[in-house]
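Since the model is a prediction, treat every value here as computed from it, not as a measurement.
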Amino acid sequence: MSNFTELAVHQAWTCQVGAMSRSCAGLLPSSSSKLDKIVVGDHNGIITCFGSKSGKAPSPLFQTPPTTKITRIFIAKEKIFVAAKNEVRGFSKKGKNFYFITTFMSETIHALFVSGKSLHVSGHSIYSLYEDNKERPFFICNDRIYDMLGIIIPSSEPIGGDGELQPLLACGDRSLKLLEGTTVSYTISLASVPTTLHEYDKGTFLYGTDSGTVGLIEITKQSHDEKWVIPNDSNLGGVRSLFAANVVNSGKKEVLVGRDDGHLQVFSISQDNIAEEIYKLKLQSTISSVLVGCVRIHQQPEIIVVLYSGDIIGLAIGTPQNNTRLLSSVADLKKEINDLEAARLNRQTKQSFKQLTPVDINDTFRLNSADACYNLVVELTVSVSFLVLQSNVPVDILDTEKIQRTSSFSPCEAAESNYLLATFSFPKGASRIEMKVRAIEGQYGWLQAYIVTETQPKAALIRRYKICALSLHQRMNENFNHEEAYNRLELSGPFGFGDIHGWISNCFSDLPHRTSTEEATAAYMSTFLGTKVFCTYREGEAVFYSDNISTISILRDVIVKEGTAKNIPIKIKSDPNFESVRLTLARILPFLEAQRELQQNVAMIEPIKVLKPNLYPTKLICVFQELVSQESNTSFLSKRQQGILENAEELLAAARQQPNHLDRLFGMVTDLFIDMNRFKGLDVKRKVPMLVKMLESTTNLEEILDLFERKF
């Protein structure tokens with residue numbers, strides 16, 4: 001692990017359980033001089049309560065028998081509530097089961113909270129309330145529900161208490177929905193998809209997003225006020241867990257952020273609502289939960305980090321003071337490891353056959369708007385031997401040298417709908433895989449991952465990830481502006497609402513799986529070019545607007561293809577705005593110029609390979625620099641060549657991270673050229689070589705537009 005710190009923190013202890021989902025850990029609060037206890041629930045269905053005596057590392061106080069995979073834990077005073085599938089169980093602080101209910105939820109419970117005799121539960125699309133174990137009216141959300149928080153809304157009355165507890169839902173349409181009963185009281189729009197919620201204070205709460213930002217919102221029954229937002233300038237992972245506590249005795253709560261790439265951050269918030277990072281730690285597994293409590297020593301809070309792998313890490317504030325106690329804890333841990341290893345060997349000798357090791361997997365395939373690509377993350381509870389990726393649409397694997405691995409790309413036949421077949425092997429002990437994948441818009445299909453474990457006997461897991469025709473587009477909260485230059489496409493025919501909804505879902509990756517209305521609207525933005533598309537659709541009709549004519553062309557081709565497959569005739573009415581072509585070109589050409597300059601600069605380094613053809617890029621740079629350093633001065637080099645020499649390593653790294661990027665940009669311009677003329681009723685494919693030749697020599701907008709508008 002690596003860390004950056006302004007806050008003195010050291011690892012004090014560790015514990016180990018099975019793999020854990022998000023928010024499956026909590027603290028049983030202390031009373032008087034007693035210490036806090038840690039409660040966790042793992043994928044084996046085991047609830048474990050850890051406690052400490054005499055400052056030693058926490059040890060299990062009680063464990064429940066294995067049952068179904070635990071998906072959420074909620075602590076209400078000294079009571080533990082646990083969700084598994086569609087069931088909720090309650091346990092006392094000593095582990096006694098005092099409550100059980102099987103809900104009518106048709107999906108797994110992923111969020112819950114308890115208030116008095118009321119039980120609030122939520123799956124990925126349904127929120128339900130149970131009072132005295134009786135189901136009340138439920139709420140169906142059109143978008144995925146990522147998290148739920150019970151928050152007390154301050155009362156506007158001068159007398160009458162602190163208000164009532166209301167559910168707040170974090171939804172996939174980039175919004176927070178405050179419910180009153182089973183209706184949405186009002187909606188808070190955000191810039192990214194909220195994935196995690198945590199109460200900060202009365203009437204205020206923290207939210208974390210899939211893009212990595214963190215914000216604080218103060219809420220009332222009629223309005224809200226966003227106090228501050230912490231940007232994700234370092235492009236770290238999405239937020240998985242949040243916690244607020246006074247860690248450094250500053251008199252104000254610090255904000256702790258746990259991310260899906262293993263980063264833990266602690267932020268101090270000033271009186272002016274300015275966030276300052278005071279601690280950062282990189283762990284080798286996804287962070288499932290972050291807590292703060294006095295676990296070993298009274299009035300000495302520690303940061304508890306719970307990982308997907310099942311590791312529970314205690315981080316003590318300050319430097320180690322009692323080396324004897326620390327060495328004693330280490331000795332106890334070593335003894336426990338030796339005992340476990342001996343027990344494992346004993347079990348192996350008794351077994352006369354090999355048994356398949358259970359494997360848990362935590363995988364995500366998420367659009368990274370900052371890099372305009374997808375982050376593929378696969379994490380197992382065992383080591384990975386190798387990974388095979390196969391795709392029936394064109395994709396690029398980026399930054400293949402970011403982590404140590406051996407890659408092999410096999411030749412593929414595009415005519416057989418096989419564009420990628422790559423094998424990656426990893427160092428021994430690696431259990432987490434991170435890759436960046438960029439798809440080409442216009443085609444839709446699947447990326448399949450075959451993960452083979454290092455266990456004996458080996459096991460293989462298969463995962464499929466959908467790649468949409470407009471895969472680099474993400475949802476946005478923006479209204480349509482009729483004054484801008486938009487192309488219009490209207491499609492009509494004897495199709496149902498479910499038909500058109502399914503066809504559009506082949507174009508956009510985060511379209512809701514269901515909708516309860518007869519008409520739906522959606523707005524998307526390209527993460528690469530910033531162009532927009534708006535759509536409104538109902539039974540028998542769909543209307544699209546976009547400032548990129550290629551986007552309109554892709555939508556038309558996909559929907560007509562799907563309609564033809566179902567023998568549904570589609571009537572097409574288009575209204576192209578050719579002024580939008582100029583605006584789209586103006587967005588593409590700067591990228592093309594920068595990429596072409598990068599390729600030219602890298603090409604100036606390549607001739608050194610003639611001297612040392614077998615050198616790796618880093619050694620190649622060293623030779624380049626050594627040749628120059630042998631001269632008394634570098635006046636024989638131009639300023640551009642000197643700049644290339646100084647930044648050679650960065651240039652080669654940028655080129656490795658963007659394979660075929662220049663060809664992709666050429667393809668975007670040629671597609672724009674073809675699509676514009678298709679709407680004019682012209683076939684200009686034979687003129688594409690002329691356009692490519694021009695792009696190789698110039699990126700002047702007026703010269704290229706002249707070719708676009710030329711009559712052939």
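Rounded to the nearest 0.5 angstrom, Asn246 CG and Glu254 CD are separated by 5.5 Å. Taking CZ of Arg174 as the reference point, atom OG of Ser189 lies at 11.0 Å (rounded to 0.5 Å). We find the CZ-CG distance between Phe365 and Asn375 to be 9.0 Å, quoted to the nearest 0.5 Å. Between atom CZ of residue Arg463 and atom OH of residue Tyr465 there is a gap of 6.5 Å, rounded to the nearest 0.5 Å. Atom CG of Leu242 and atom OG1 of Thr196 lie 5.5 Å apart (nearest 0.5 Å). Thr68 OG1 to Asn44 CG: the interatomic distance, rounded to the nearest 0.5 Å, is 11.0 Å.
Panel note: side chain Gln166, backbone Leu179; a donor-acceptor pair is recorded below 3.5 Å. Between the side chain of Asn362 and the main chain of Glu379, no donor-acceptor pair closer than 3.5 Å is present. A donor-acceptor pair under 3.5 Å links the side-chain atoms of Thr286 to the main chain of Asp260, judged by distance alone. The main-chain N or O of Lys134 is never found under 3.5 Å from a side-chain atom of Asp132 such that the two would form a donor-acceptor pair. When atom types are taken as modelled, the side chain of Ser185 and the backbone of Glu180 share no donor-acceptor pair closer than 3.5 angstrom. Counting only distance, with no hydrogens or angles, the side chain of Thr527 and the backbone of Leu472 share a donor-acceptor pair below 3.5 Å. No side-chain donor-acceptor contact under 3.5 Å links Asp499 to the backbone of Gly502. Here the side chain of Arg259 pairs no donor or acceptor atom with the backbone of Leu236 at under 3.5 angstrom. No side-chain donor-acceptor contact under 3.5 Å links Asp36 to the backbone of Val295.
When the shell of 6.0 Å around NZ of Lys177 is examined, it contains more than 12 heavy atoms from other residues, nucleotides or ligands. Within 6.0 Å of NZ on Lys79 lie no more than 12 heavy atoms contributed by other residues, nucleotides or ligands. Remark: Phe138 CZ is loosely packed, at most 12 non-hydrogen atoms of other residues, nucleotides or ligands lying under 6.0 Å away.
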Inset, instruction - Begin with the C-alpha distance, continue with both residues' side-chain angles, and end with the deciding distance and a verdict on side chain to side chain contact (heavy atoms under 4.5 Å, CB included) for Asn133 and Tyr99. - result: CA-CA 10 Å; Asn133 287 355; Tyr99 178 79; 2.7 Å; yes
Inset, instruction - Evaluate the criterion side chain to side chain contact (heavy atoms under 4.5 Å, CB included) for residue pair Val40 and Ile38; output intermediate values, then yes/no. - result: CA-CA 7 Å; Val40 297; Ile38 306 168; 4.0 Å; yes
Legend entry - Steps toward side chain to side chain contact (heavy atoms under 4.5 Å, CB included) verdict (Tyr308, Thr381): CA-CA 8 Å; Tyr308 166 79; Thr381 52; 4.2 Å; yes
Inset, instruction - Take Val39 and Ile47 through the side chain to side chain contact (heavy atoms under 4.5 Å, CB included) test and state the conclusion after the steps. - result: CA-CA 7 Å; Val39 180; Ile47 302 165; 3.9 Å; yes
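Relative orientation of the Tyr537 and His501 rings is tilted, given thresholds of 30° and 60° on the angle between their planes. Below 30°, between 30° and 60°, or above 60°: for His224 and Tyr186 the angle between ring planes is below 30°, a parallel geometry. Between Phe508 and His473, the angle of the ring planes goes over 60°, which puts this pair in the perpendicular group of the 30/60° scheme.
What you find for Asn235 and Ala370 is that their closest heavy atoms are OD1-CB, 3.9 Å. Here the shortest heavy-atom pairing between Glu135 and Tyr130 reads CB-CE2, 3.4 Å. Heavy-atom minimum distance, His120 versus Ser118: NE2-CB, 3.8 Å. Summarising the geometry of Tyr207 relative to Leu216, their closest heavy-atom pair is CE2-N, 4.2 Å, with the distance given to 0.1 Å. Pairing each heavy atom of Ser288 with each of Ser241, the nearest pair is O-CB, 3.8 Å. Leu511 approaches Ala522 most closely through the heavy-atom pair CD1-CB, 4.3 Å.
Within the 4.5 Å cutoff, the side chain of Leu315 has heavy atoms near those of the Val305 side chain. Contact annotation: the side chain of Ile188 approaches that of Ile219 to within less than 4.5 Å [non-hydrogen atoms, C-beta and beyond]. The shortest side-chain heavy-atom distance between Val239 and Val214 falls under the 4.5 Å cut-off. In this structure, Val384 and Ile433 have side chains that are in contact, with non-hydrogen atoms separated by less than 4.5 Å. With a 4.5 Å cut-off on side-chain heavy atoms, Ser509 and Tyr374 count as touching. Between Thr67 and Thr64 there is no side-chain heavy-atom pair separated by less than 4.5 Å. In this structure, the side chains of Tyr127 and Cys141 stay at 4.5 Å or more apart for every pair of heavy atoms.
Defined by atom type and a distance below 3.5 Å, a donor-acceptor pair is missing between the side-chain atoms of Ser122 and His110. Remark: the Gln63 side chain and the Thr48 side chain contain an N/O donor-acceptor pair separated by less than 3.5 Å. No side-chain donor from either of Thr195 and Arg22 sits under 3.5 Å from a side-chain acceptor of the other. Under 3.5 Å, the side chains of Ser125 and Glu107 contain a donor-acceptor pair of N or O atoms.
For Glu131 and Lys117, the salt-bridge test fails: no basic side-chain N is under 4.0 Å from an acidic carboxylate O. One finds a salt bridge joining Asp143 and Arg475 here, because a Lys/Arg side-chain nitrogen approaches an Asp/Glu carboxylate oxygen to under 4.0 Å. By the 4.0 Å N-to-carboxylate-O rule, Glu434 lies close enough to Arg432 to be salt-bridged with it.
When each of Val121, Thr102, Val82, Val114 is paired with Val88, the side-chain contact (heavy atoms from CB on, under 4.5 Å) condition holds for Val121 and for no other.
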